[in-house]
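Since the structure comes first, as structure tokens, the remarks are kept for the end.
Just so you know, ligand 1 is whichever comes first in the structure, and atom 1 is the first atom listed for that ligand.
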Amino acid sequence: MNYQDFYNNSIQDPAGFWKEQSDALEWFKKPQTILSKDQHDYYQWFHDGELNLSYLCIDKHIKDGFGSQTAIIYDSPVTQTKQHITFNEFHDEVAKLAGGLQTLGLQKGDTAIIYMPMIPQAIYAMLACVRIGVIHSVVFGGFAPNELAIRIDDCQPKAVITASSGIEIQRIIPYKPYVDEAIKLANHKPQNVIVFNRNLNAEIPKQDYDVDYQTLVENAVPSEAVSIPSTHPSYILYTSGTTGKPKGIIRDTGGYATALKFSMKYIYGVEPGDVYWAASDVGWVVGHSYIVYAPLINRNTTVLFEGKPIKTPDASTFWRVISEHRVKVMFTAPTAIRAIKKEDPNGKFLKKFDMSCLKYQFLAGERCDVATLKWTEEKLQVPVIDHWWQTESGWPMLANMAGLELQDVQPGSAGFPVCGYDIQILNEEGQEVASSSEGYVAVKLPLPPGTLMNLWGNPERFKSGYLEKFPGYYFSGDGGYKDEDGYVFITGRVDDIINVAGHRLSTAEMEEIVASHKAVAECAVFGVHCDLKGQKPLGLVVLKAENNDSEEDIQKQIIQDVRHEIGAVASFRDVLVVDRLPKTRSGKILRKLLRNIADEMSYNIPSTIDDPEIINEITAVYKINQIGIHKNLTSHE
Ligand code: COA
Ligand code: AMP
């Protein structure tokens, strides 16, 4: 079937379409009710079905005779380790860890936080949780203890599963002291912290609540996969919102499994048995869906890569992994490609490897600039497919559905709506705009299976944040337009969220931290263009008339505060001191104007501006501090 007909079917008859797709899974109890409403009057999928994600990712394949197939290739240039883990071995690890969690009293409906680096035990922990109905919440290792504490208080885990350390470029990150500090900061106290010791000489302070991972697993009785209702949450994944408090996206079980299985075949074009690699981190949605659940449900071999695109050891590492493990489809963020391109602009490293196994290169996580797309196409000589989605959706919303019908790539566009997503570009009044006109990107309800169910403990925020702006639609928070041929272009967030190296961060949260510095009278934090990371945060501060420290010390303290509160991942390195900020006559700071001046885009001076002269002042400060696209471009030439 061609894309258009298949897509039309999915929109005209969502229940019929997704019922058929759900048949690709092995359910413990097949659903009779396909699409219905929950207690919040929101859509839910396969309400009376029962299944188990851990069973689908592991046991089913063993039952089908594939126990000796490699499930996970762990490739860690930072520890010089390579490990091939079969489905049989995977089963033993996960079943025993699940049994161990049960001995600690964890049961269906409890929550557990997983704060781990990119090691197989992180995947074991996720699958051990869903095996027994424990709802996991993985927290990215680059977040600071304060962020971990916020998540502990929000989802109230019975246990935290962690490892002794992560490894960044030439630096060991000790996780256990961070976990202890987070627990100290949090009001909720988990009963246990399960620690996997990597033996990398990291500091592992001991606490009464500690449990040794290996001992727990060795002494455990393996646990079977229990039957879980389709609408039982499989996980909570926190993502940045427009306030300091992150949003706990809740994912269901049956809808998620159905959507992921569908996506592997029709979007990514992979068959069971193929090797698939998403170079992300299990702490992000890409990691959840495309390092862990989708490839494993689809019986692909998934690559778990603990390293960076560069410096581990160099810019050839991605090509080495693809070639060595015979990766068929790879997925990464444009930032990673830009980093490689900067180190190896002519792609000389590529020539060392046999890349004939690679069929498609997918990109997502941030806007893909045309230069990056073109470079990747030219060097890899395979279709390079930009696709768009969010933590909320859990799987792609816009793509070139290569497995169904590969369309021509239109540089700058993330492709066409994926089956199940009725994507419309709306104006402020909620009416569809003409083609090529920019507007808000919204999706007509119901969303397909696999998308967010609600926000953990906050159904009001779910409604107000996503459903109320355009009644009958899900509002994505992104702006964009559709061209005459139906290609959709995402132009960026319309709120206080930025994407730094494909990592989603809230500038509002950073601004709260900057504003709380004792020397700061007022401030604005917003995203500006960055040649490498796509965007980076920039803070402008007006200082109080009297303070004891020098400007330079204050700048350093502010940068340190953000790093301490949010984590190194915030990449907050630029703070400029200004005499005043541009405001409207009613006192609202004009952040968009500040951003546009920095990016040297054409901008309109708002008629409501209090004093237009301030634009010259800000421009002068940017120039002195070399902020702006122009400077970045020339500095790399
Ligand atoms: N644990 C602890 N710290 C982490 C971390 C983790 N898991 N991940 C990142 N950090 C730290 C980094 O060490 C760095 O710290 P520093 O300020 O002390 O140097 C900081 O957070 C910023 O990290 P990052 O944005 O990754 O920048 P980098 O300079 O270390 O690397 C790139 C630059 C381009 C190589 C890197 O950003 C990259 O690989 N980007 C692609 C990201 C990606 O795949 N995203 C997809 C998500 S879907
Ligand atoms: P996250 O929830 O971390 O996956 O971030 C989602 C946000 O990243 C989206 O709302 C977009 O702003 C941005 N994004 C993700 N993929 C793309 C893409 N292919 N093109 C443009 N923006 C993207």
Next on the checklist: Whether K536 and D574 form a salt bridge (side-chain N of Lys/Arg under 4.0 Å from carboxylate O of Asp/Glu) is what I want to check.
Outcome noted: yes

Checklist entry - Looking at ligand 1, does K533 have a heavy atom less than 4.0 Å from it? => result yes

Next on the checklist: Can you classify the ring geometry of Y474 versus Y466 as parallel (below 30°), tilted (30 to 60°) or perpendicular (above 60°)?
Outcome noted: parallel

Item to check | Shortest heavy-atom approach to atom 39 (O) of ligand 1 - which of G142, P309, A570 | outcome: P309

Checklist entry - Are G365 and ligand 1 in contact, using a heavy-atom cut-off of under 4.0 Å? => result no

Checklist entry - Would you call the rings of W389 and Y290 parallel, tilted or perpendicular if under 30° counts as parallel and over 60° as perpendicular? => result perpendicular

Item to check | Partner of H136 by ring-ring contact (aromatic ring centres under 6.0 Å, His included), out of Y235, Y124, Y115, Y238 | outcome: Y235

Checklist entry - Out of G141, G502, P117, who gets a non-hydrogen atom closest to atom 1 (N) of ligand 1? => result G141

Next on the checklist: Would G166 count as a contact residue for ligand 1, given that I'm defining contact as a non-hydrogen atom of the residue lying under 4.0 Å from a ligand atom?
Outcome noted: no

Checklist entry - How are the rings of Y268 and H387 set relative to one another: parallel (under 30°), tilted (30 to 60°) or perpendicular (over 60°)? => result perpendicular

Item to check | Closest protein heavy atom to atom 30 (O) of ligand 1, given as residue, atom name and distance to 0.1 Å | outcome: K308 NZ, 3.2 Å

Next on the checklist: Parallel, tilted or perpendicular: which one describes the rings of Y266 and F262, with boundaries at 30° and 60°?
Outcome noted: tilted

Item to check | Nearest-neighbour protein heavy atom for atom 20 (C) of ligand 1, which is reported as residue plus atom name and distance | outcome: A568 O, 3.3 Å

Checklist entry - What orientation do F416 and Y487 show, parallel under 30°, tilted 30 to 60°, or perpendicular over 60°? => result tilted

Item to check | atom 14 (C) of ligand 1 - nearest protein heavy atom and its distance | outcome: R171 NH2, 4.0 Å

Item to check | Contact (N/O only, under 3.5 Å) between R573 and ligand 1 | outcome: yes

Next on the checklist: Given A333, A278, A501, A279, identify the one with the heavy atom nearest to atom 42 (C) of ligand 1.
Outcome noted: A501

Next on the checklist: If the threshold is 4.0 Å, N to carboxylate O, is there a salt bridge linking R338 and D369?
Outcome noted: yes

Checklist entry - Parallel, tilted or perpendicular: which fits the ring planes of Y421 and W395, with parallel below 30° and perpendicular above 60°? => result tilted

Next on the checklist: Could you tell me, atom by atom, which parts of ligand 1 come under 4.0 Å of a heavy atom of V286?
Outcome noted: 48 (S)

Checklist entry - Backbone or side chain, does any N or O of R563 fall under 3.5 Å from an N or O of ligand 1? => result yes

Next on the checklist: Is the ring pair Y3/Y7 parallel, tilted or perpendicular, if the boundaries are 30 and 60 degrees?
Outcome noted: parallel

Next on the checklist: Please determine whether a side-chain nitrogen of the Lys or Arg among E392 and R504 lies less than 4.0 Å from a carboxylate oxygen of the Asp or Glu.
Outcome noted: yes

Checklist entry - Please state which protein non-hydrogen atom is closest to atom 40 (N) of ligand 1 and give its distance, to 0.1 Å? => result T335 CG2, 3.7 Å

Checklist outcome for this item: All heavy atoms of M116 vs all of A125, minimum pair found to be SD-CB, 4.4 Å

Item to check | Aromatic plane relationship, Y213 with F196 - under 30° parallel, 30 to 60° tilted, over 60° perpendicular | outcome: perpendicular

Checklist entry - Is NZ or CZ of R151 both nearer than 6.0 Å to the six-membered ring centre of F143 and within 45° of the ring axis? => result yes

Checklist entry - Applying a heavy-atom distance cut-off of 4.0 Å, which protein residues contact ligand 2? => result V285, G365, E366, R367, D386, H387, W388, W389, Q390, T391, D478, I490, R493, N499, R504

Checklist entry - Looking at E428 and K469, does any basic side-chain N land under 4.0 Å from a carboxylate oxygen? => result yes

Next on the checklist: Just to confirm my output: which protein heavy-atom neighbour is closest to atom 9 (C) of ligand 1, and how far is it?
Outcome noted: E168 OE1, 3.4 Å

Checklist entry - Does some non-hydrogen atom of the protein lie less than 4.0 angstrom from atom 36 (C) of ligand 1? => result no

Checklist entry - Judging by distance only, is a nitrogen or oxygen of T332 under 3.5 angstrom from one on ligand 1? => result no

Checklist entry - If you measure from each heavy atom of K311 to ligand 1, is any distance below 4.0 Å? => result no

Next on the checklist: I want to check a possible cation-pi pair here: K482 against F489, using under 6.0 Å from ring centre and within 45° of the ring axis as the test.
Outcome noted: no

Checklist outcome for this item: atom 8 (N) of ligand 1 has as its nearest protein heavy atom F140 CZ, 3.4 Å

Item to check | Heavy-atom protein contact below 4.0 Å for atom 32 (C) of ligand 1 | outcome: no

Item to check | Ligand-side contact atoms (ligand 1) for residue partner V569, heavy atom cut-off under 4.0 Å | outcome: 21 (O)

